[in-house]
Enquirer: 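Please read through the structure below; I'll follow up with questions.
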Amino acid sequence: MTTSINVPREAEQPFVCPDVSGIHVIVTGATGFVGRRLCRRIVESGGRVTALVRPQSDRRVLDGCPVDVAVVDLLTGSGVGDAVSSADVVIHLAATLRAASRAEFRLANTVATGVLAGVLAASDAPPRLVVCSSLAAAGPVPAPGRARREEDRADPVSWYGASKLAGEQAARRFAGRVPTVIVRPPIVYGPSDAAFVPSLAAMARTRVAVRPGTVDRVYSVLHVDDLCDGLIAAGLQGRTAGPSEFHSGVYHLCDGVEYTFADLVRTAAELLGCGRPLVLPAPSAVVRAAGVVSEAFGRLRGGVPVFNRDKAREAVAGSWTATADRANRDFGFRAKVGLEDGLREAFEEMLHG
């Protein structure tokens, strides 16, 4: 992997997303950060989208995007069969990123995925299924200096990661009947991101950033538009999973650059005109304690904050990088958006709407 910040923009062989004209795509989690971007991307490219939403979902975020909407229950399967009856591809984004317990993660990220795959398997002609998992399901790098590959044994370190890996396995049980592809993105950012981008901006503005751990680590990231193109390409062209081979049908996606924590924070500071921030290391014990305290205060306010015990486990676990070589070989994936360009766009949206 390279360390030049904006390499994706300068790629010699740009990736061309497959044509979705006339394709019917089901999107779960359609009202989320990635989901609403994906829906618009498919519709603008000539595809048809049915958004599967919960009764309590805020569908206003899809205003202006001509999608069909179906209210379903992914924990029971209610309404799913009818909604997917004419689908070509189902892209499963619905997930919980923060939860108060391992059981809550399991319901949202494991059980719901298995129920969805089971409903598809029961149909006469199952559509292709794309499970949007996470690099957290695989775990941090298996050895210093080597990005994680799909054939590496998964070793999640967080409740979230374990629930996403179990979700992959739940879908894989139906892979003999449902053509299934699993995509594991790293940190995803872009316009309307409510976690990573605001956190970077806050650290840049205070000009002091606390780096997890005393040893510098590196990270993979991916712009939301590149993730959307990767999900579409995986859905139409990716090799499908086998029921037993643990790494078949799995694709890691990233922008091809390894960033240190300082790279990320200082790029944000430069774009925001905040001056060069001071990056201070924090021992792992301090990071874990901060996660406990942050979560305790969050629960007093009635929720689970972005930084919590589970995120602290990931933060101190090591480097989080992956290689997208398999996706590049199988369907030509190559990220288009470099970090500077992607953050610039996200900050513009955050500051000016």
Side-chain angles (χ1 to χ4, degrees), residues 1 3 96-102 104-105 109 133-149 152-166 184-189 195-222 252 254 257-269 276-300 303-323 339:
M1 299 182 84
T3 56
T96 288
L97 300 178
R98 302 192 296 273
S101 67
R102 191 189 299 267
E104 287 183 25
F105 276 123
N109 299 339
S133 184
S134 170
L135 189 57
V141 297
R146 184 172 79 76
R148 181 168 277 279
R149 298 190 290 261
D152 293 324
R153 281 285 177 185
D155 187 20
V157 297
S158 61
W159 290 348
Y160 169 71
S163 71
K164 294 295 278 185
L165 179 62
R184 292 174 178 165
I187 297 167
V188 179
Y189 72 100
F196 181 67
V197 168
S199 296
L200 276 185
M203 287 184 284
R205 285 166 171 161
T206 61
R207 300 185 66 174
V208 176
V210 178
R211 186 189 74 203
T214 55
V215 177
D216 211 1
R217 299 178 170 108
V218 287
Y219 305 88
S220 291
V221 303
L222 187 66
H252 293 165
C254 64
V257 182
E258 294 184 342
Y259 305 95
T260 65
F261 184 81
D263 288 335
L264 299 170
V265 176
R266 288 168 180 164
T267 300
R276 189 176 178 86
L278 179 65
V279 178
L280 300 174
S284 295
V286 173
V287 176
R288 292 191 187 95
V292 172
V293 172
S294 175
E295 185 169 329
F297 276 106
R299 291 195 185 191
L300 289 175
V304 179
V306 171
F307 185 67
N308 51 63
R309 289 179 299 162
D310 211 43
K311 285 302 174 189
R313 295 184 190 106
E314 295 178 355
V316 302
S319 293
W320 292 85
T321 62
T323 171
L339 181 68

Enquirer: At what distance, to the nearest 0.5 angstrom, does CG of Asp263 lie from CD of Glu258?
Expert: 10.5 Å
Enquirer: Is the backbone N or O of Val316 less than 3.5 Å from a side-chain atom of Arg217, with the two atoms forming a donor-acceptor pair by type?
Expert: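 Yes; judged by distance alone, with no hydrogens or angles, the pair exists.
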Enquirer: With sequence neighbours excluded, what pairs up with Val304 under the side-chain contact (heavy atoms from CB on, under 4.5 Å) test?
Expert: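 In terms of side-chain contact (heavy atoms from CB on, under 4.5 Å), with neighbours along the sequence ignored, Val304 is linked to Arg98, Ala100, Asn308.
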Enquirer: Is it the case that Lys311 places NZ or CZ above or below the six-membered ring of Tyr160, under 6.0 angstrom from the centre and within 45 degrees of the axis?
Expert: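 Yes, a cation-pi geometry holds between Lys311 and Tyr160.
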Enquirer: For Val306 and Leu97, what are the C-alpha separation, side-chain angles and deciding distance, and is it a side-chain contact (heavy atoms from CB on, under 4.5 Å)?
Expert: CA-CA 9 Å; Val306 171; Leu97 300 178; over 6 Å; no
Enquirer: What is the distance from atom CZ of Phe105 to atom CH2 of Trp159, rounded to the nearest 0.5 Å?
Expert: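 Result: 8.0 Å between the selected atoms.
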Enquirer: Nearest 0.5 Å, what's the OG1-OH distance between Thr260 and Tyr219?
Expert: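 The distance works out to 9.0 Å.
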Enquirer: Of all heavy-atom pairs between Ala137 and Arg184, which one has the smallest distance, and what is that distance?
Expert: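 Scanning both residues completely, I find the closest heavy atoms to be CB-NE, 4.4 Å.
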Enquirer: Measuring only between side-chain heavy atoms, which start at C-beta, is Val279 closer than 4.5 Å to Arg266?
Expert: yes
Enquirer: With the side chain counted from C-beta on, respond yes when Pro212 and Phe261 share a heavy-atom pair under 4.5 Å apart, and no when they do not.
Expert: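 Pro212 vs Phe261: side chains touch.
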Enquirer: Quick check: do Arg207 and Leu278 have side-chain heavy atoms less than 4.5 Å from each other?
Expert: no
Enquirer: Would you call Val286 and Val210 a side-chain contact if the rule is heavy atoms closer than 4.5 Å?
Expert: no
Enquirer: Mind checking whether Val265 and Tyr259 have side chains closer than 4.5 Å, heavy atoms only?
Expert: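 A side-chain contact is absent here, since even the closest heavy-atom pair is not under 4.5 Å.
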Enquirer: Minimum heavy-atom separation for Thr321 and Ala147, please, with both atom names.
Expert: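 Taking every non-hydrogen atom into account, OG1-CA, 3.4 Å.
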Enquirer: In terms of heavy-atom contacts, does CZ of Arg299 have more than 12 from other residues, nucleotides or ligands at under 6.0 Å?
Expert: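 Enclosed.
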Enquirer: Once rounded to the nearest 0.5 Å, what's the spacing between atom OH of Tyr189 and atom CG of Leu200?
Expert: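 Those atoms lie 10.0 Å apart.
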Enquirer: Heavy atoms, side chains only, cut-off 4.5 Å: are Pro140 and Val157 in contact?
Expert: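 Yes, their side chains come closer than 4.5 Å.
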Enquirer: Heavy atoms, side chains only, cut-off 4.5 Å: are Thr323 and Arg149 in contact?
Expert: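 Result yes, sub-4.5 Å side-chain heavy-atom pair found.
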Enquirer: Carefully, step by step, assess Phe307 and Val293 under the rule side-chain contact (heavy atoms from CB on, under 4.5 Å).
Expert: CA-CA 10 Å; Phe307 185 67; Val293 172; over 6 Å; no
Enquirer: Quick check for you: to the nearest 0.5 Å, what is the distance between Arg309 atom CZ and Arg288 atom CZ?
Expert: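 Result: 13.5 Å between the selected atoms.
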Enquirer: Using every non-hydrogen atom in the two residues, find where Ser220 and Ala322 come nearest and quote the distance to one decimal.
Expert: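 Shortest heavy-atom contact: OG-N, 3.1 Å.
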Enquirer: Got a sec: does the CZ of Arg102 have more than 12 other heavy atoms crowding it under 6.0 Å?
Expert: no
Enquirer: How long is the straight-line distance from CZ of Arg313 back to OG of Ser158, given to the nearest 0.5 Å?
Expert: 7.5 Å
Enquirer: Closest approach of Pro281 and Gly213, non-hydrogen atoms and distance?
Expert: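 Heavy atoms of Pro281 and Gly213 come nearest at CB-O, 3.6 Å.
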Enquirer: Using every non-hydrogen atom in the two residues, find where Ala138 and His252 come nearest and quote the distance to one decimal.
Expert: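 The pair with the smallest heavy-atom distance is CB-NE2, 4.3 Å.
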Enquirer: For Trp320 versus Leu135, what's the shortest heavy-atom pair and its separation?
Expert: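 Closest approach of Trp320 to Leu135: CZ3-O, 3.7 Å.
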Enquirer: Counting C-beta onward and ignoring hydrogens, is there a side-chain heavy-atom pair between Val221 and Val257 closer than 4.5 Å?
Expert: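 Side-chain contact under 4.5 Å: no.
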